[in-house]
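Worksheet: one structure, shown below.
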Amino acid sequence: MALEETIIQLKHMGKEFKTANGPVKALDDINLEIKRGEIFGIIGLSGAGKSTLVRCINMLEIPTSGEVLFEGENLAALSEAGQRKARQSMGMIFQQFNLLAQRNILRNVCFPMEIAGVPKQQAKARAMELLKLVGLEDRAKAYPAQLSGGQRQRVAIARAIATNPKVLLCDEATSALDPNTTKSILELIKQINRDLGITVIVITHEMAVIEAICDRVAIIDHSQIAEFGRVSEIFSEPKSKIGRQLILGDAVENVKFDKSRKIRITFDGRSSMEPVLANMILASKVPVNILYASTKDIGGTAYGQMIIQLPEDEADAARALHYLKTVQVPYEEVNGDVI
Ligand SMILES: Nc1ncnc2c1ncn2[C@@H]1O[C@H](COP(=O)(O)OP(=O)(O)OP(=O)(O)O)[C@@H](O)[C@H]1O
């Protein structure tokens with residue numbers, strides 16, 4: 001699918017909360033464009049402003065500055081009916097599922113359709129279809145308490161897409177789930193994006209979630225966007241400090257290196273690690289020391305960084321560097337302050 005058309009645009013958006021202890025700036029000058037049909041990730045540490053961002057997108061919060069455009073229209077300037085329509089175009093799922101405990105799961109899925117005025121029988125038939133889509137058609141009469149966490153999130157997904165939204169907002173939707181269940185829920189979200197063409201916005205503090213399903217990602221830190229771009233690009237070469245911490249791990253900051261000459265090799269998905277290292281050793285004719293490595297395998301290719309101690313002999317070091325240049329593996333010399 002060509003991801004050219006912008007569905008949501010945030011323009012200089014800011015949000016400040018007034019509290020007893022003075023104003024709290026939750027978001028500051030946020031600029032983002034989300035394309036129709038993509039899976040867009042927003043990642044950041046706790047308190048960075050992720051939830052506020054998503055709540056501004058679906059109008060649960062009103063930004064205190066800037067604009068949110070949905071399909072080119074400023075949400076704040078829409079009539080009440082227009083805002084209702086826009087809100088119905090965005091389904092949302094949460095970490096704690098937020099199902100109605102007194103309703104069985106069929107009636108949970110029917111709920112947004114009831115609010116939208118869909119006739120009862122029609123709503124029921126659609127809810128059954130959706131329960132089938134999420135693999136729970138045989139549990140229609142069960143109550144939320146009788147389901148596992150993963151099953152509850154499946155019901156929440158069915159409910160969120162019941163009114164045919166254009167966007168699905170997922171706020172830490174897998175944070176309460178174990179790794180296997182997380183995987184299956186992410187697969188379901190990906191399937192919904194692919195088969196129904198629903199744009200997905202994923203809010204998470206977990207890199208693994210971004211790696212698993214997102215096309216592009218924005219890293220948010222202290223209320224601002226630190227960097228954004230394609231997941232493969234950000235993962236191979238995070239430019240912001242928070243990006244490097246989230247992607248490469250912060251351990252490298254705490255490693256003490258000696259005074260020897262060192263390089264950082266960046267694996268950006270074009271090269272796989274083992275042949276590069278083996279051939280570099282062959283080229284320099286001396287073993288090299290790996291001082292630090294933080295690499296990930298994303299879709300079969302290597303991303304991340306390695307810090308290597310160069311051979312003491314200048315000529316050996318030059319041969320090793322020459323090899324890296326020849327095979328176009330990016331590297332840079334680093335000193336004591338390696339991050
Ligand atoms: N209703 C509110 N009133 C006052 N301050 C708020 C409110 N909502 C959020 N904040 C503050 O705004 C900042 C951003 O919070 P937000 O919940 O958006 O972060 P987050 O990245 O989603 O974090 P978490 O992952 O912990 O939920 C925090 O400092 C938070 O305390």
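Just so you know, residue 1 is the first one in the sequence shown, and it goes up from there. Order of listing sets the numbers, starting from 1, for every ligand and every atom in it. All values below come from the heavy atoms of this structure, side chains included, with hydrogens, waters and symmetry mates left out.
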Lys/Arg-Asp/Glu bridge criterion (N-O < 4.0 Å) met for R103, E114: yes

Select all protein residues for which some heavy-atom-to-ligand 1 distance is less than 4.0 Å, and list them by chain and number. F17, T19, V24, A26, L45, S46, G47, A48, G49, K50, S51, T52

Identify which one of E33, E233, E38 satisfies the salt bridge (charged side-chain N to carboxylate O under 4.0 Å, His left out) criterion when paired with R216. E38

Side chain of Q95, backbone of A173: donor and acceptor closer than 3.5 Å? no

Heavy-atom check, side chain of M306 versus side chain of R264, under 4.5 Å: no

Please answer whether the main-chain N or O of Q309 pairs with a side-chain N or O of N289 as donor and acceptor at a distance below 3.5 Å. no

Less than 4.5 Å apart, any side-chain heavy atom of P238 and any of E227? yes

